[in-house]
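Structure first, commentary second.
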Amino acid sequence: MAGDAGAEAKKMVREWIEPVARIGYASKGAIYLLVGVLAVMAALNLGGSINGPKEALARLEPKAFGKVILSMICAGLACYSVWRFVQSFFDPDHKGKSAKGLAVRAGFSISGIVHAYLAVAVASIVLGNGNGGGGASEQGLTAKLMAQPLGIWLVGIVGTVFGGIAIFHIARGITGKFRKRLQFTQQSEKVRTVICRTCQFGLIARGITFLIIAWFFIRAAIHYAPNEAGGLREALGFVASQVYGPWLLVVLGLGMAAYGIYAFVEAKYRRIDV
C-alpha cells in the first residue's frame, strides 16, 4: 500500500511539473529569440537595439497586446524558476551528490533565483512600476557585494561562477551531450542534424557571452570599480565595439536566437524525469 501511495504521489508530481518545465523552457526561448533578433537588427541598422532580457521585454510593453504577452512570459519565467529549484533539490536529472553533481545542482538554484528576479522585473513592467532596468542592475549588485566584508572576493567569485557556466555551455555545445536528454526519434536524421547544429551554435554563443560577463565581474573586482561589471547587454555592446563589430554582433545575435531555439527544443522534446 505504501508503495502504491508513493507511486501515485510521484505520478501527481509528474503531471504538474512536466508542463511547468516545458512552459518555462518556452518562455526562456522567447526571451533569447527576441534578444538575438534585436541585436541582429541593430547590427544591420534595421531599427533593433542591443538589449539584455529585461530591456528587450520592456520594448514589448507599448505594443499591441504587449501587456498580455509580457504577462504570459512572466508566468513562464516563474514556471522556469520552479523547475530549476526542482532540479536542484529533487535531482530529477540524477546529478548525484558528488562534488561535480552538487556544483551543478547549486547552479540550478542560482538559475532559479535569477529567473525569479527576472519574473518580478517583468511583472513590474506590466504593472507600470519599471522600465526593465539595464546594466545598472549588475553594477548595483556589484556595488552591494563590494560593500560587504571580503566584497572584492565575492565579486571575483561571481565572475568565476560565470566563467564556469560559460565553459559548461561551450563544452555542451562542442560535445553535443545535451542530445541525450532530447527525444525526437520520429524526425528524420537530416532534421535532427539541423536541430542539433542550431542548438550547438546557440550553446556556444551563450557560453561566449558568459565568458565576457565573467571578465566584467573579475575586472570590476581587480579595479574595485562596480561600474565595470555588466550583463548580457554590456557583453553584446562590447562585441559591437570591436573591429568588425557589426558583423561579430550579427553572429552573436544569431547565436542568441539559436539559443532561444534550443530552449524551444527543450520545451518540446526534453525528457522530464520526475
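Worth saying up front: this structure is predicted, and the values here are computed from it rather than measured.
A salt bridge does not link Arg59 with Glu55: every distance from a Lys NZ or Arg NE/NH1/NH2 to an Asp or Glu carboxylate oxygen is 4.0 Å or more. Ion pairing of Arg270 with Asp93 is present here, as a side-chain N (NZ or NE/NH1/NH2) and a carboxylate O approach within less than 4.0 Å.
When atom types are taken as modelled, the side chain of Thr198 and the backbone of Val194 share a donor-acceptor pair closer than 3.5 angstrom. A donor-acceptor contact shorter than 3.5 Å links the side chain of Arg22 to the backbone of Ala267. With hydrogens and angles disregarded, a donor-acceptor distance shorter than 3.5 Å links the side chain of Gln242 to the backbone of Phe238. Between the side chain of Thr193 and the backbone N or O of Glu189 there is at least one donor-acceptor pair closer than 3.5 Å. With hydrogens and angles disregarded, a donor-acceptor distance shorter than 3.5 Å links the side chain of Thr175 to the backbone of Ala171. A side-chain donor-acceptor contact under 3.5 Å links Arg271 to the backbone of Lys180. Not a single donor-acceptor pair under 3.5 Å links the side chain of Arg84 to the backbone N or O of Ile110.
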**Step-by-step side-chain contact (heavy atoms from CB on, under 4.5 Å) determination, Phe201 to Ile261** = CA-CA 10 Å; Phe201 177 39; Ile261 292 172; over 6 Å; no
**Message:** Could you walk me through whether Tyr117 and Ser81 satisfy the side-chain contact (heavy atoms from CB on, under 4.5 Å) test, starting with their C-alpha distance in whole Å, then the side-chain angles of each, then the deciding distance to 0.1 Å, before giving a yes or no?
**Reply:** CA-CA 9 Å; Tyr117 170 78; Ser81 179; over 6 Å; no
**Message:** Run Tyr259 and Lys28 through side-chain hydrogen bond (donor to acceptor under 3.5 Å, both in side chains) and show every step you take.
**Reply:** CA-CA 9 Å; Tyr259 184 77; Lys28 183 181 178 183; 2.8 Å; yes
**Candidate pair Ile170 and Leu211, rule side-chain contact (heavy atoms from CB on, under 4.5 Å), full reasoning** = CA-CA 10 Å; Ile170 292 172; Leu211 276 179; 3.8 Å; yes
**Message:** Using the rule given for side-chain contact (heavy atoms from CB on, under 4.5 Å), can you reason through Ile218 versus Val158, listing the C-alpha separation, both sets of side-chain angles and the distance that settles it, and then say yes or no?
**Reply:** CA-CA 8 Å; Ile218 293 171; Val158 171; over 6 Å; no
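Nearest heavy-atom pair across Ala39 and Gly253 is CB-CA, 4.0 Å. Nearest heavy-atom pair across Pro246 and Ala43 is O-CB, 3.3 Å. Of all heavy-atom pairs between Leu38 and Ala56, the closest is CD1-CB, 3.9 Å. Of all non-hydrogen atoms in Ala220 and Val155, the two that sit nearest each other are CB-CG1, 4.5 Å. Minimum interatomic distance between Gly207 and Ala166 (heavy atoms only, all atoms of both residues): O-CB, 3.2 Å. Nearest heavy atom pair, residue Phe264 against residue Ala30, reads CZ-N, 3.5 Å.
Linking ILVMFWY residues whenever their side-chain heavy atoms come closer than 4.5 Å, directly or via other members, places Ile113 and Trp83 in the same cluster. By the criterion of side-chain heavy atoms lying less than 4.5 angstrom apart, applied directly or through intervening Ile, Leu, Val, Met, Phe, Trp or Tyr residues, Val250 is not grouped with Leu248; the two fall into different hydrophobic clusters. Under the 4.5 Å side-chain heavy-atom criterion for Ile, Leu, Val, Met, Phe, Trp and Tyr, Val86 and Ile272 are members of the same hydrophobic cluster. Placement of Leu232 and Trp215 within a single hydrophobic cluster is found when ILVMFWY residues are connected by side-chain heavy-atom separations under 4.5 Å, directly or transitively. Hydrophobic clustering places Phe90 together with Phe85 (ILVMFWY residues linked when any side-chain heavy atoms are closer than 4.5 Å, directly or through intermediates).
Interatomic distance, Leu77 CG to Ile31 CD1, rounded to the nearest 0.5 Å: 4.0 Å. Taking CH2 of Trp153 as the reference point, atom OG1 of Thr160 lies at 9.5 Å (rounded to 0.5 Å). Remark: Lys63 NZ to Ile69 CD1 distance equals 10.5 Å, nearest 0.5 Å. For the atom pair Asn51 CG and Met256 CE, the distance stands at 13.5 Å (nearest 0.5 Å). The distance from the CD1 atom of Ile165 to the CD1 atom of Ile213 is 9.5 Å, given to the nearest 0.5 Å. For the atom pair CZ of Arg233 and OG1 of Thr209, the computed distance is 15.0 Å after rounding to the nearest 0.5 Å.
Ring geometry for Phe178 versus Tyr262: interplanar angle over 60°, hence perpendicular rather than tilted (30 to 60°).
Considering only heavy atoms from C-beta on, Tyr244 stays 4.5 Å or farther from Val251 through its side chain. In this structure, the side chains of Gln200 and Arg197 come closer than 4.5 Å at one or more pairs of heavy atoms.
Scored by the side chain to side chain donor-acceptor pair (under 3.5 Å) test, Tyr32 finds Arg206 as partners (sequence neighbours excluded). Residues forming a side chain to side chain donor-acceptor pair (under 3.5 Å) with Arg105 (at least two apart in sequence, or on another chain): none.
When Leu70, Leu60, Ile73 are each tested for a side chain to side chain contact (heavy atoms under 4.5 Å, CB included) with Ile125, only one passes: Leu70.
Within 6.0 Å of NZ in Lys67 there are more than 12 heavy atoms belonging to other residues, nucleotides or ligands. Other residues, nucleotides and ligands contribute more than 12 heavy atoms inside 6.0 Å of the CE atom of Met41.
Grouped with Val104 in one hydrophobic cluster are Phe108, the linkage being side-chain heavy-atom contacts under 4.5 Å among Ile, Leu, Val, Met, Phe, Trp and Tyr residues.
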